[in-house]
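So you know, we letter chains A, B, ... as the sequences are listed, proteins then strands, and number each from 1.
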Amino acid sequence: MMFLHFFVFIPFHSHFTIFCFPVLKAVESFGMCHTKWSEKYQKKMEDELKKANLPYRDLMHVSDNDLELRRKDHISHFILRLAYCQSENLRRWFLQQEADLFRYRFSQQLSGSVRKFLDLNDLHYTSILPNEKVELKTQLINSTFGMKELFDTQDFYKVPFTDALDLVRGRKIFLRHGLAYIPHNDLVSIVLNDFRTSLSRALALATRSFPLCMRSLHYALRDQHHLRHGGRLQYGLFLKGLGLSLEQALTFWRTEFARGSIDPEKFEKGYAYNIRHAYGKEGKRTDYTPYSCMKIIQTNTPGPGDHHGCPFRHTDADLLRQRLQSHRLSSSEINQVMEYVKGMHYQLACQKYFEFTHKVEDGAFGLSHPNQYFEESQKLLSGGQHAKRENSGEVQKPVVAPVTMPQSSHPAQSSESQSTQLSASQVEEQELLEECFANGVVLRFVKGTVELG
Amino acid sequence: MKQQLQHYRKKTMADADFCSAQLQDLLPLYYKRFFPFGRFFKWLNYGGVKKNYFQRREFSFTLKDDIYVRYQSFQSANEMEKEVHKAIPYKMDIGAVFSHRPNQRHCVKPSAFQAQEKELVFDIDMTDYDDVRTCCKLADICANCWPLMTFAIRVIDRALREDFGFKHRLWVYSGRRGVHCWVCDETARELSQAARSSIAEYLSVIKGGEGSIKKVNLSDPVHPSIQESLKLMKNDFEDYALVKQDFLGNEKKREKVLALMPDDLRTDMRSDFSSLTNSVNCWDRLKSCTQAKRAPDKWRHVHEEVMLQFCYPRLDVNVSKGVNHLLKSPFCVHPKTGRVCVPIDLNKVEDFDPFNVPTISQLCWELDHLPEVVDAQAVQVTEEGQKRRRKDYKKTSLAAAIRVFDSFLEDLEASWRGRLLRESDLKNEF
């Protein structure tokens, strides 16, 4: 039976649909066999989507229950997407397949549905009326490439020019009164770009939300394609707490180890059991819970070659300073963190680290669990009113960019509208994103042929 | 009244000549009696729609001896006036509105102190046209090349107004060899760097640096925005290019134009030109060749490309791109020419004469030598003696410039009045 997980990603304001690996693989394969967008291609696409029980025609009908399920899903989805970013190529591939799929679905929608889709996603685009189209015929044809032949059949949409900057920059569309007149096909590109941007950012932000202990393990695993027992347990359970299912976990570890020196057979013999055990599927069937900070600090002291434990507790002061420096903390910030470390208040040190990296003051939560760290971080990055900054009445906004669709600059939205300016932390985020993709993030899934539980 | 002014001016222009050494003495007087602090605050405060907008604005001063200080900010028009009187800056720049008061930036974490908003600005400098003007170069300008600025204002203003929908555009003489544009709509002030850069690129037609000869390549069909620009330039192009610049008037000049043509056309034109006597004939010949029915497609837009290369606005994308890029403030005095950076009346762009812009020495002279304007508004009770003195500018040459600024402010004010009304409705305030 094919692995048919259906992941839906909602970055809190939009409802984009993302499909998992096998569907994408299928998309790629018939993309290779048939001319894209030809009839055969479209038929294949339709069939594939039908197989996956996905609403290929009308993605508009969304119930509240669906939304809730999707919301829960999205965290585990991060893991999935992390997996695809092994390399720049793979990332591009991933985005391309998703984009093709998305483009297909979008173009298939009936115009009423398209309108609904745009509304749902806060995209304030309206199609122009026939008389306006006639009035502007010459200008539209003269400004839009290839429009001469297609003019009569194309729908045009009026889009705030800030949403179509690339087309504006190249003078590739007609502009009037601040609105760009975009033909339907180009609208797909625009929406796609937004989609891609939010996807890219979401990917980078996922690791950004990892506490230091899990980041260490993550990068160690990525570099060495291996973790020793303590590390596997600590990190594996953390991922489980994020929503990684057993099937996903098995594939995850198997693939990563395969890139090292443990082939799948060896993995099955030596490691798979322990993973299943951690999920309560073996032995006395205890469904192990992810480790709390206390547990990580106090038990299971790491030895040479280990990467687990709590960095604030178990890492050499000098090395720890270096790491904090590489995470762009200022020397005063580092000193504050180290003060806590000296006083053996490791959780407080970590909390301070959270505050500095997320640019908040006085975190309203008492840190006691790595998964809690992740959730609080995600909350913050999504624009939640988590920790209010004390300031002299200046513009309040989360300084770290949330995981949402890039806002179009609609001045009507609020008088203190979100700055569309790249803040210092957004720049940092971009750099982190570059770094992530340059070095690969986790690893990739191979074609899963795992039974559904 | 006007005649009186002109009479006095003619008589004593020599007394009012400017030289840089006078700045130190004249600037204090200028700032005391001429610089419109109140109006300035009115502009940059934008009706108080956003909290502490003026207070969070960065200004920079260039002091005597080229000392440059950034991150100046002020609580009010009064405070600004006080500080300016203290510092007597030779130049003032306006920067961005930051997240916090720039002069208190040390109270926040460096990464928290960020530029948030600023007007969309354009800087057009005559030196960027040196390869296409023969009368002057570098810092010099004259009546024969100034039309380039007129073209620039018309073309860019149209695009900003009609294509982008911006309503509040202030054009200002830069004091020596160019013009600046400040786009003050709220939407403009909120634009990201990417958006600003896209707008600047949209407006750019001249592509290519020192190395490229042909800098304009039109696609077919020609984009409506460029077609509109050509329409605007068409009427005055011939007077500018053929009469003032005489750009096909000798062999050297002709070669420059010939270099922009495709090889086959160039050969034909070169030989045609050699038998023609002046620019007008050459230009007519070129046009009839490229627009002939049997002209190859490659030739069709050549004369337009030539027009654009010689006249289309050249702007510095870097000035427009940055949200925190500082640009010289209107009503500053240019330290080298002494001329005031006055707003330009959009209704009379053709009439604007940079050589008629008042200088600081002229203004100070006028203050002392011209009779008082009997102005109802100026007749105040003695306790308002201060206010009365401030209206002194009205008898001077600066009055016209202030009027242009006032009209710009009026339109701006109407926009935020609407906003404030709407917001008080929302809050149920009365």
Region of A:I141 in contact with chain B, defined by heavy-atom distances below 4.5 Å: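 When you check distances to chain B, only backbone atoms of A:I141 fall under 4.5 Å.
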Engaged part of A:L167 at the chain B interface, taking heavy atoms whose separation is under 4.5 Å: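 When you check distances to chain B, no heavy atom of A:L167 falls under 4.5 Å.
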Closest approach of [X] to [Y] (non-hydrogen atoms, all atoms of both residues):
| X | Y | result |
| --- | --- | --- |
| A:R169 | B:A194 | NH2-O, 3.6 Å |
| A:N142 | B:V222 | CB-O, 3.8 Å |
| B:E201 | A:R171 | O-NH1, 3.9 Å |

Residues in side chain to side chain contact (heavy atoms under 4.5 Å, CB included) contact with B:E304, at least two apart in sequence or another chain: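 Partners of B:E304 by the side chain to side chain contact (heavy atoms under 4.5 Å, CB included) criterion, ordered by chain and then number, come out as B:L218, B:L230, B:H301.
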Most chain A-contacting option - heavy-atom pairs closer than 4.5 Å, from B:E162, B:H223, B:K167, B:R161: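 Highest number of heavy-atom pairs under 4.5 Å: B:H223.
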Most contacts with chain A, counted as non-hydrogen pairs under 4.5 angstrom, among B:S197, B:S225, B:C107: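 Between B:S197, B:S225, B:C107, the count favours B:S197.
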OH on B:Y202 to CG on A:L165, rounded to 0.5 Å: 13.0 Å
Looking at [X], I want to see if its [atom1] is surrounded by more than 12 non-hydrogen atoms of other residues, nucleotides or ligands under 6.0 Å.
| X | atom1 | result |
| --- | --- | --- |
| B:K234 | NZ | no |
| B:K214 | NZ | yes |
| B:K215 | NZ | yes |

Residue pair A:F161 / B:I199, side-chain heavy-atom distance below 4.5 Å: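 They are in contact (side-chain heavy atoms under 4.5 Å apart), so the answer is yes.
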Interchain contact, [X] with chain A, by part (heavy-atom threshold 4.5 Å):
| X | answer |
| --- | --- |
| B:S204 | backbone |
| B:I226 | side chain |
| B:F113 | neither |

